[in-house]
Amino acid sequence: MSAAIEVRVAAVRQLTPVVREFTFEPLQGRLPGFSAGSHVVVHMPLAERTLRNAYSLLSDPTERGHYRIAVRLQDESRGGSRFMHEQVKEGDRLQLSPPANLFSPSSQARRHLLIAGGIGITPFLSYLPELRARGADFSLHYAFRGGLTDAYRQQLQAELGERLSCYDAEAGCFLDLPRLLGEQPLGSHVYVCGPQSLIEAVREQAAALGWPASRVHWEVFAAPEPGQPFVAQLARSGKRVAVGSDFSLLEALEQAGVEVPNLCRGGVCGQCDTRYLDGEVEHRDAFLGAAERATHLMPCVSRGRCGSALLLDL
Amino acid sequence: MTTDAPQAMASTPLYQQQPQPVPATRRLLVSQSLVQPEVNALQAALAQFAEPLQVLVLGESAVDPVALDSVEAFAGPQLLRARLQTLLATAPVGTRLYLCGDEVFLWDCRQLAEEAGLLDEEIELFRTGARRRLYCVHCATFQDITDEALSECTCCGVQLLVRTHFSRRLGAYMGVCSDPNLPRAEVRP
Ligand code: FES
């Protein structure tokens with residue numbers, strides 16, 4: 001894994017009651033470049049542990065002097081978003097993992113249909129300058145709760161005009177997915193980012209209407225769901241790692257000083273692929289096929305089971 | 001998963017026997033003919049889907065107007081291509097295209113569909129008849145052949161060996177000189 005980047009918090013802006021925007025500057029040197037749709041992983045030193053959450057970069061990829069992210073305060077937070085909202089102040093220093101991209105706009109698409117739910121607007125903010133520079137045909141459909149999760153709404157309205165459609169749940173206005181997905185010309189690709197329920201609805205609706213999977217792109221940033229505590233035994237180093245119920249296996253390994261390559265920390269990219277030799281696994285990833293699951297697991301989301309020790313090839 | 005092991009037939013196109021049971025909002029069959037038994041079987045299979053089937057066909061095929069209410073017949077390939085282009089220009093994602101005919105017909109239509117924005121996964125190919133296309137790598141001329149293994153190039157006269165390599169872009173098999181010592185079909189004094 002490449003070394004973490006040291007940044008200084010240059011600005012903090014409250015965008016809505018639950019969304020805060022952070023601007024980061026490099027402590028020294030220059031920030032690595034990034035492409036539209038990239039994310040960084042922010043390392044959050046809480047009292048008892050370091051949490052690492054992935055956030056989309058929402059600045060213009062051609063502006064190289066700073067990074068910007070926006071964080072929504074989550075009710076069910078394990079402390080990450082709370083830390084960002086309550087602890088992080090201008091002038092603070094933070095560490096980030098360098099940008100990675102698992103959600104770039106397709107180069108084949110002739111039309112880009114962007115669907116955002118709430119804080120899921122963030123990756124699209126870095127899409128817009130790129131799509132405009134390409135002269136691409138696109139439209140953005142933004143669903144939110146007005147006054148609460150509608151960050152950047154005015155700015156987008158001013159910039160995009162007709163290309164933006166807003167759906168304010170507070171005003172009883174909802175996305176009509178069957179209609180929207182039923183009337184896109186050939187050559188269209190759809191991109192969705194937002195809550196799991198929205199992503200699933202788009203994927204299901206698209207599949208039902210005959211969209212092949214290669215036209216459908218999605219980005220999830222879900223913190224790993226809690227689960228039963230269990231114990232992982234490392235076959236090569238002989239270490240024994242206890243995984244608490246609100247830690248992912250990946251986090252517990254990192255805490256124990258075992259680094260496993262990772263990018264998305266959400267079970268989709270395949271980077272953290274780890275072999276296991278024994279034990280029962282609760283697979284929660286969206287990457288491995290059934291056959292591979294017999295020998296491999298994705299520790300960023302998947303877990304061992306309580307009462308059966310998991311033996312990892314690490 | 002990628003391997004570097006040579007696969008002799010990797011480029012040989014695969015054709016289907018049965019339409020795939022996948023959802024679509026619109027189904028379009030473009031066929032070279034409607035009188036072959038293979039086509040009839042395909043039509044019958046497509047008729048099982050709930051969505052209406054639209055059919056474009058080449059030639060004044062004997063069409064049973066009762067069984068098929070939306071069949072359009074075209075006197076020549078240019079007319080058929082033009083109509084297909086128009087249809088695809090306004091078609092939504094969710095359109096599934098079934099092509100049925102000999103290899104030359106299939107790959108001509110397929111290329112047009114791809115230009116219109118359809119993906120591989122949205123096109124199904126059903127091959128009938130033996131006609132296929134040969135590309136002379138020496139003079140870049142196309143000619144139609146059937147199942148012969150050797151053929152003389154109609155343009156440069158080289159005796160061509162028909163390779164199994166199929167170019168999806170050209171919709172043709174590669175023809176290379178079969179005997180470099182004897183490039184012409186007939187021995188010259
Ligand atoms: S880090 Fe991406 S699948 Fe685990």
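This structure is a prediction, so every number in the text was calculated from the model and none was measured. The chains referred to below are lettered A, B, ... by the order of the sequence lines, with proteins before strands, and numbering in each begins at 1.
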Flag yes if more than 12 heavy atoms outside [X] fall under 6.0 Å of its [atom1] atom; otherwise flag no.
X        : atom1 : answer
B:Gln17  : CD    : no
A:Arg293 : CZ    : yes
A:Gln108 : CD    : no
B:Arg163 : CZ    : no

Among residues 80-94 of chain B, those lying within the under-4.5 Å heavy-atom range of chain A are B:Leu88, B:Ala91, B:Pro92, B:Val93, B:Gly94
Ordered numerically, the heavy-atom neighbours of chain B under 4.5 Å found in residues 203-217 of chain A are A:Ala207, A:Ala208, A:Leu209, A:Gly210, A:Trp211, A:Pro212, A:Ser214, A:Arg215
Cut-off 4.5 Å, heavy atoms of chain A, and the answer for B:Glu115 is backbone
